[in-house]
There are 2 protein chains.
Amino acid sequence: MSQNTVEHLSQSAVVDSASVQPFPNSKKIHVEGSTSDIRVPMREISLTDTVTDKGREQNLPVRVYDTSGPYTDPNVAIDVRRGVPDIRSAWIEGRGDTELLQHYSAHYTNERLDNAELAKLRFNLKHKPRRAKAGKNVTQLHYARQGIITPEMEYIAIRENMARAQAAEQGLLDGQHKGESFGASIPDEITPEFVRSEVARGRAVIPMNINHPEIEPMIIGRNFLVKINGNIGNSALGSSIEEEVEKLTWGTRWGADTIMDLSTGQNIHETREWIVRNSHVPIGTVPIYQALEKVKGVAEDLTWEIFRDTLIEQAEQGVDYFTIHAGVLLRYVPLTAKRVTGIVSRGGSIMAKWCLAHHKESFLYTHFEEICEIMKAYDVTFSLGDGLRPGSVADANDEAQFGELETLGELTQIAWKHDVQCFIEGPGHVPMHMIKENMDKQIEACHEAPFYTLGPLTTDIAPGYDHITSGIGAAMIGWYGCAMLCYVTPKEHLGLPNKDDVKEGIITYKIAAHAADLAKGHPGAQLRDDALSKARFEFRWEDQFNLGLDPDTAREYHDETLPKDSAKVAHFCSMCGPKFCSMKISQEVRDYAADNGFGLSDSGEDVIRMIDVEAEMRAKAEEFRESGAEIYQKV
Amino acid sequence: MSQNTVEHLSQSAVVDSASVQPFPNSKKIHVEGSTSDIRVPMREISLTDTVTDKGREQNLPVRVYDTSGPYTDPNVAIDVRRGVPDIRSAWIEGRGDTELLQHYSAHYTNERLDNAELAKLRFNLKHKPRRAKAGKNVTQLHYARQGIITPEMEYIAIRENMARAQAAEQGLLDGQHKGESFGASIPDEITPEFVRSEVARGRAVIPMNINHPEIEPMIIGRNFLVKINGNIGNSALGSSIEEEVEKLTWGTRWGADTIMDLSTGQNIHETREWIVRNSHVPIGTVPIYQALEKVKGVAEDLTWEIFRDTLIEQAEQGVDYFTIHAGVLLRYVPLTAKRVTGIVSRGGSIMAKWCLAHHKESFLYTHFEEICEIMKAYDVTFSLGDGLRPGSVADANDEAQFGELETLGELTQIAWKHDVQCFIEGPGHVPMHMIKENMDKQIEACHEAPFYTLGPLTTDIAPGYDHITSGIGAAMIGWYGCAMLCYVTPKEHLGLPNKDDVKEGIITYKIAAHAADLAKGHPGAQLRDDALSKARFEFRWEDQFNLGLDPDTAREYHDETLPKDSAKVAHFCSMCGPKFCSMKISQEVRDYAADNGFGLSDSGEDVIRMIDVEAEMRAKAEEFRESGAEIYQKV
């Protein structure tokens with residue numbers, strides 16, 4: 001972007017057009033709750049009919065969890081200069097425990113606002129900061145413990161219960177594998193009361209700052225659908241604010257449940273404003289990064305005062321969760337000395353350096369209760385950072401890592417004492433057989449607070465493919481009980497992820513999260529798999545693409561081999577000829593089964609095929625390519 | 001390829017130049033066995049020194065298992081018209097139990113040879129077919145049971161013991177995580193006798209037809225390194241013979257341990273000849289595919305005589321293992337009628353159709369002992385096919401699948417009665433929590449015969465990404481005990497894989513296999529991870545790339561962000577400045593640890609860093625891009 005454009009960012013910024021395309025054959029629907037302002041968005045994918053000898057069979061539309069927000073809602077006009085719709089302010093105001101401030105509380109915020117030079121970069125802020133009234137605690141955890149079911153909780157219950165409700169409508173609720181949840185308590189129905197009780201118990205969090213009313217409420221907890229986070233940020237200049245917003249909208253389009261803004265360098269305050277105001281998902285940050293910028297990168301110059309001001313600055317902007325590496329204690333640091341890869345967490349190394357320079361425990365640890373006071377005034381959720389996470393499989397599950405985990409468990413209890421929501425970050429690089437120990441130890445040490453892990457990477461030998469090395473570990477730890485998986489892109493360890501990398505990372509992690517949901521036996525989770533498999537078996541190509549996580553890529557791969565229009569309207573069987581038609585063989589199996597007393601119904605409802613769909617398709621595709629497209633009629 | 005080129009294939013075919021490039025900083029070494037003709041190839045990757053304040057520390061080269069064969073040996077002149085070197089004929093002849101035939105035994109082979117039209121397509125065959133002398137059994141299993149250690153077994157022992165030997169040389173044998181092998185019997189040293197005993201027990205197979213003397217011997221078994229298979233083939237015309245050879249050399253370059261040729265259509269006899277003669281890895285086929293072509297695709301017209309002739313045809317060409325779907329019994333077929341995706345194995349559906357049409361058990365089952373007679377005359381290994389494998393997660397682990405598995409176990413015992421080597425194919429589509437049951441049941445039902453699975457795919461909802469959905473399952477089942485993993489490419493279910501897809505599939509499966517080796521605690525397996533992680537932590541970029549599974553992609557991703565030459569020679573720390581140098585922080589940690597009695601040596605041997613390598617690199621990369629390359633000197 002040219003300097004000229006930067007000058008006018010506040011007037012010129014536009015949404016990424018790729019992020020606002022509707023999904024094919026899909027419509028945005030909203031399910032209403034007990035009041036008309038609780039409108040839970042879902043994506044509904046329409047399917048074509050199954051056509052058999054006996055006629056047509058309707059395939060019911062499939063509803064999927066929708067993280068794409070207003071960007072894919074044709075009824076919402078998107079203007080990134082105005083941000084996304086506010087859907088929560090009335091609920092927040094209705095509780096009567098917050099007040100609008102006339103001025104921002106952070107010194108740094110006011111310094112930035114006073115700087116006229118920055119006007120060109122600034123998001124055109126309309127609203128004033130909100131804070132708890134004196135003596136009030138405005139966290140969802142606080143309400144939950146009072147027995148209050150908030151509108152946010154009801155919203156979440158509808159959202160999480162979606163697949164169950166749909167399976168029940170279709171009479172399919174018992175139609176999936178039972179799963180193995182390793183002691184999770186996944187109910188048959190997600191009710192608002194269940195959401196409340198899980199939050200009250202600390203077993204789930206709803207990251208939602210009162211200054212981020214644009215959020216579509218979501219929950220992170222072991223008894224809910226596994227969530228994924230995408231990281232953005234990393235840019236130093238205002239010129240890339242638009243790119244960062246683009247990564248936000250692109251990442252959530254493909255399935256990111258939360259976004260962490262890891263921006264460093266200059267203008268990160270302004271960058272964050274654009275991101276928060278345009279985000280319908282919770283935003284997380286690592287405040288120590290910005291604090292470090294404020295002391296020009298000199299870790300030992302960090303102070304509690306600077307950090308505190310940074311927390312308030314970001315809390316009043318609307319950041320929903322803060323990664324805070326308060327578990328890096330002096331006594332753990334030397335335990336990393338013999339490691340292959342020392343300390344690889346940036347936050348961890350900053351705090352380790354500070355601790356060594358001052359020869360005392362970090363201000364994150366010593367001022368932890370004061371941090372809680374800030375968190376509860378805005379409902380910012382703790383993401384207690386694992387500063388000593390292993391950076392290689394060699395260092396997995398060592399004393400430093402598990403020592404810190406114990407401390408994070410103690411800090412969790414302090415946070416809970418203040419009714420502050422809290423989840424725990426985890427590794428890193430861990431070979432497969434050591435993953436479960438991480439999950440089990442975390443549940444025990446941290447009293448069932450939700451776990452949020454990066455990967456873990458199951459081997460170190462594949463730079464360029466760490467979305468895959470880590471996707472394996474992520475799926476497994478999700479199955480074992482991890483509540484949210486932080487994505488890794490193919491560029492991990494190598495460079496800055498671009499938009500393609502963001503998408504590849506998100507899709508890989510959606511696979512991991514969904515595989516975990518299936519393995520846990522999350523009710524209704526298999527509905528989409530079954531609908532897609534049925535479409536595949538019936539050669540309903542468009543339905544197969546549209547039900548997939550990435551319809552565009554599936555369609556593109558298909559079209560590389562087969563011409564675009566003809567192949568997808570023709571029933572593929574028409575290419576097989578009478579001798580190897582799956583329909584015919586299916587009928588034979590059914591007749592045989594019936595003749596031999598296997599008791600199959602003759603209702604025509606069972607769709608049975610016997611064919612190697614994959615091999616057959618390949619062979620036929622080849623044949624098709626060679627013979628030309630003449631056997632098809634254009635639509 | 002034009003018709004003109006096809007005319008001259010036998011004279012014009014050339015090797016794919018991308019497949020014969022040497023790997024960066026690597027050399028092909030050979031470790032000699034007890035006789036000079038046992039020369040086991042390995043790839044040795046040279047590393048640069050670690051440079052610290054205290055001087056230089058040498059990093060020893062890392063040896064890796066090398067599947068790339070003579071194609072990456074600078075001392076071998078590759079000519080695909082002549083095939084790869086024969087390294088086994090002397091061993092085979094030395095045993096004195098085989099004879100060269102003057103004529104091919106299969107009717108079909110002779111028909112093809114008599115067809116002058118095919119001369120242009122034909123590989124320029126020099127050698128005559130070999131077969132066991134009357135009454136002799138020439139399988140490695142037969143020798144093993146006689147207590148004979150063949151040169152092939154010794155070769156394999158050296159190859160499999162490589163990482164252990166290297167770890168011992170470097171004093172690192174105890175330096176890795178212990179692993180959890182679920183009852184596998186992985187020894188501290190792989191000796192020729194151990195190889196023999198595992199083969200004798202049927203717990204491992206050495207797929208090596210006596211008509212394929214070009215093979216670099218390898219082993220498939222639960223107590224050895226996990227192997228991967230790549231599928232090629234699928235083309236109908238002679239014009240693509242060269243492409244198929246290209247996929248073979250490309251696939252083995254990136255790590256395929258065996259290759260299955262799934263060619264269908266015309267000229268598959270000639271295509272196979274080119275593939276076998278150019279392959280240094282075992283080749284598997286599904287003979288029923290070709291048999292079906294011989295009856296023009298009419299499954300019910302298949303006969304034992306046609307199938308038998310096909311087995312002999314392929315055995316005399318040198319195919320090393322045959323997938324045979326002999327477990328598809330009549331009584332199992334109706335069990336598939338209620339499935340979401342019926343029968344999805346092509347071989348399975350062919351046999352099911354045949355069974356229904358004739359209302360009797362298949363000739364594969366009824367003639368199984370005669371098949372064994374053929375197998376033992378050439379040492380072809382059974383890959384007992386899972387014709388009823390699930391094609392969707394919905395159908396996983398059902399009665400049809402496990403019924404067939406029981407039958408495969410019975411057939412295994414028949415094969416073993418004949419001293420014929422045997423392994424078992426497995427699914428397919430299986431959610432994570434049901435994978436282990438597959439492995440456990442297979443071990444029990446099939447008496448520890450090696451398991452060979454496709455994936456399994458852990459969810460059905462990601463067409464276009466099924467290398468990932470299945471890579472997750474493959475890593476897990478490899479950990480649980482699966483001996484070989486059949487790759488899945490991104491095009492699975494959608495279209496024909498191209499060269500990029502082959503590579504993506506192979507690398508994904510190398511990750512899965514290696515992650516499994518680590519988790520099983522395979523001695524020495526962690527050596528490469530540790531060397532790479534150390535290089536990563538020390539910003540030895542070239543070493544990090546070169547130690548990875550795919551140096552080219554790692555380098556390319558890095559170079560997208562950083563300029564090519566300067567970034568890789570400059571020690572990255574020079575960009576960090578004195579305030580955030582990992583070297584400096586490392587020294588602080590070590591000093592602190594020493595001061596506080598943590599007993600760290602002062603020898604300078606411990607390399608300790610404390611920095612968020614990833615985040616730091618990103619931030620610095622950005623800075624670097626903006627500031628230009630001036631701070632670096634060109635080399």
Side-chain angles (χ1 to χ4, degrees), chain A residues 180 234 236 264 297-298 334 337 340-343 346 349 353 356 392-394 431-433 458-464 472 475 479 491 494-496 511 514-515 518-519 528-530 532-533 537 548-549 553-554 557-558 561 579 585 588-589 592-593 598 608-612 615 618-619 622, chain B residues 180 234 236 264 297-298 334 337 340-343 346 349 353 356 392-394 431-433 458-464 472 475 479 491 494-496 511 514-515 518-519 528-530 532-533 537 548-549 553-554 557-558 561 579 585 588-589 592-593 598 608-612 615 618-619 622:
Chain A
E180 161 58 77
N234 307 326
T264 55
V298 185
V340 170
T341 49
I343 300 179
R346 188 175 198 209
S349 65
K353 184 159 193 200
L356 294 187
S392 55
V393 298
M432 282 192 286
H433 69 293
T458 53
T459 166
D460 304 337
I461 68 166
I472 294 166
W479 173 27
K491 291 274 170 60
L494 297 171
L496 299 166
I511 289 169
H514 184 73
L518 286 178
R528 188 174 184 178
D529 295 76
D530 292 353
L532 192 147
S533 290
F537 201 61
L549 289 179
T553 297
Y557 284 176
H558 175 268
T561 304
K579 287 296 177 190
I585 303 183
E588 286 168 14
V589 174
Y592 179 84
F598 286 92
I608 310 150
R609 298 291 167 80
M610 296 176 60
I611 196 164
D612 178 356
R618 287 188 201 128
E622 182 72 16
Chain B
E180 161 58 77
N234 307 328
T264 53
V298 185
V340 171
T341 48
I343 299 180
R346 189 177 196 206
S349 65
K353 183 160 191 198
L356 295 186
S392 54
V393 297
M432 282 192 286
H433 69 294
T458 54
T459 165
D460 304 338
I461 68 166
I472 294 166
W479 172 28
K491 292 274 170 63
L494 297 170
L496 298 167
I511 289 169
H514 184 72
L518 286 178
R528 188 175 184 176
D529 294 75
D530 292 353
L532 192 147
S533 290
F537 200 60
L549 289 178
T553 297
Y557 284 176
H558 175 269
T561 303
K579 286 296 178 193
I585 303 184
E588 287 168 13
V589 175
Y592 179 84
F598 285 93
I608 310 152
R609 299 292 169 79
M610 294 176 59
I611 194 160
D612 179 358
R618 286 187 200 128
E622 182 72 15

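Here is how names work: the chains are called A, B, and so on, in the same order as the sequence lines, proteins then strands, and each is numbered from 1.
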Pick from [options]: which one has the most heavy-atom pairs with chain B under 4.5 Å?
{"options": "A:P463, A:A515, A:A462", "value": "A:P463"}
{"options": "A:L518, A:I461, A:T459", "value": "A:I461"}
{"options": "A:A394, A:P431, A:G464, A:G548", "value": "A:A394"}

Report task. Could you tell me which non-hydrogen atom of B:H433 sits nearest to which non-hydrogen atom of A:E180, and how far apart they are? Result ->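 Closest approach of B:H433 to A:E180: CD2-N, 3.8 Å.
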Query - Partner chain A: residue of B:I472, B:D529, B:V393 with the largest heavy-atom pair count (under 4.5 Å) - result: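 Heavy-atom pairs under 4.5 Å are most numerous for B:D529.
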Query raised in the report: Is chain A contacted by the side chain of B:L532, its backbone, both, or neither, given a heavy-atom distance below 4.5 Å?
Result: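 For B:L532, side-chain heavy atoms alone lie under 4.5 Å from chain A.
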When rounded to the nearest 0.5 angstrom, what distance separates [atom1] in [X] from [atom2] in [Y]?
{"X": "B:F537", "Y": "A:I343", "atom1": "CZ", "atom2": "CD1", "answer": "8.0 Å"}
{"X": "A:H514", "Y": "A:R528", "atom1": "NE2", "atom2": "CZ", "answer": "7.0 Å"}
{"X": "A:T458", "Y": "B:W479", "atom1": "OG1", "atom2": "CH2", "answer": "11.0 Å"}

Query raised in the report: Strictly by modelled atom types, are B:S533 and A:D460 linked by a side-chain donor-acceptor pair under 3.5 Å?
Result: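 Result is yes, a qualifying pair exists.
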